[in-house]
Amino acid sequence: RYFAQSLLRFLGFLLWSTSAAQAFGGVSVILMFKNYRYLFQESYLSLPGWLALATALILLPTGVLAISISVKRSRKQQGTLMYLLLLLLCLQISSAALARFYCIRTASQLESAMSYLVHQHNWTCSQDPGNSTVDVIQRKLQCCGVHNYTDWLKASSSSWCHPACVPESCCKERHSHCRGDLGHVEQLSEQGCLKKLEDRLHFAMLYVFWCCTVLSLLEILAGISNGILMRQQPFHDFNIL
């Protein structure tokens, strides 16, 4: 019983303190799909983030309740804790499974979506920086094209005019006088946007997946500890039955 009390108190502090980490993962996923919503058509892809955010809010009272039970046991509090742990376990398993599934699914959509934006973009060798979707992505991520700047040359190969430049959004920030001239390739971002988008997507989704997995294990331990304490305190009120 003493070991179960000590373990439950320790797990209560862990559950309470890790709610911030869980909330960070949920917000990261939500903002990821909000900022790049033009690349992902399905609105439900941010569901793992919302589930993780709901889990983070429930973790706060659950951790406080576990600490309280380890100090002064109450049958009502023990039953409430069991219910909250079961609810958290369902939410986190769902969030982890969806994050893993969506991570694999959306990775295949990114390349086709970026390729479409590049081929649909009309640009000229001018000083106009451009404010299209692909320009916004390239400035924000400091990237150029799908894989590199040569994707812009392939995109213009079907037209009559072959500009000797790429959009100015491909320029590195430190080169303020860059106009996308192919004669100064060193002024352009070397990395393509696809790799950077995939890295951001994988980080956000895998963070939620592993955070939910670890917390699920902690909640199972908390449930076992609480069950041991409940077993050693029988229901005296029902002995008459």
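Scope of the values below: all heavy atoms of this structure, side chains included, with no hydrogens, waters or symmetry mates. We count residues from 1, following the sequence as given.
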Tell me whether Glu111 is salt-bridged to Lys195, with the criterion being a basic N under 4.0 Å from an acidic carboxylate O.
no
Close side-chain approach of Cys170 to Ser189, heavy-atom, < 4.5 Å:
no
Please tell me if the side chains of Ile228 and Phe3 come closer than 4.5 Å, counting only heavy atoms from C-beta onward.
no
Distance col, row Thr55:OG1 vs Leu91:CG, nearest 0.5 angstrom, shows 4.5 Å
Spatial distance of atom CG (Leu81) from atom OG (Ser225) [nearest 0.5 Å]
10.0 Å
So, the side chain of [X] versus the backbone of [Y]: is there a donor-acceptor pair under 3.5 Å, distance only?
X: Asn226; Y: Gln78; result: yes
X: Gln138; Y: Gly145; result: yes
X: Ser68; Y: Val64; result: no
X: Ser19; Y: Trp16; result: yes

How about Glu219 and Gln92: does a side-chain donor come under 3.5 Å of a side-chain acceptor?
yes
Let's test your reading of the model: do Cys193 and Cys144 have SG atoms under 2.5 angstrom apart?
no
Test Leu39 against Ile137 for side-chain contact (heavy atoms from CB on, under 4.5 Å), laying out the working first.
CA-CA 10 Å; Leu39 296 175; Ile137 295 175; 4.1 Å; yes
Evaluate salt bridge (charged side-chain N to carboxylate O under 4.0 Å, His left out) for Glu190 paired with Lys172, printing each intermediate quantity in order.
CA-CA 9 Å; Glu190 297 88 359; Lys172 297 177 180 177; 2.6 Å; yes
Establish whether Val146 and Val136 are linked, either directly or via other cluster members, by ILVMFWY side-chain heavy-atom contacts under 4.5 Å.
yes
Please work out which of the three classes, parallel, tilted or perpendicular, describes the rings of Tyr102 and Tyr44, given edges at 30° and 60°.
tilted
Residues in ring pair (Phe, Tyr, Trp, His ring centres under 6.0 Å) contact with Tyr116, at least two apart in sequence or another chain:
none
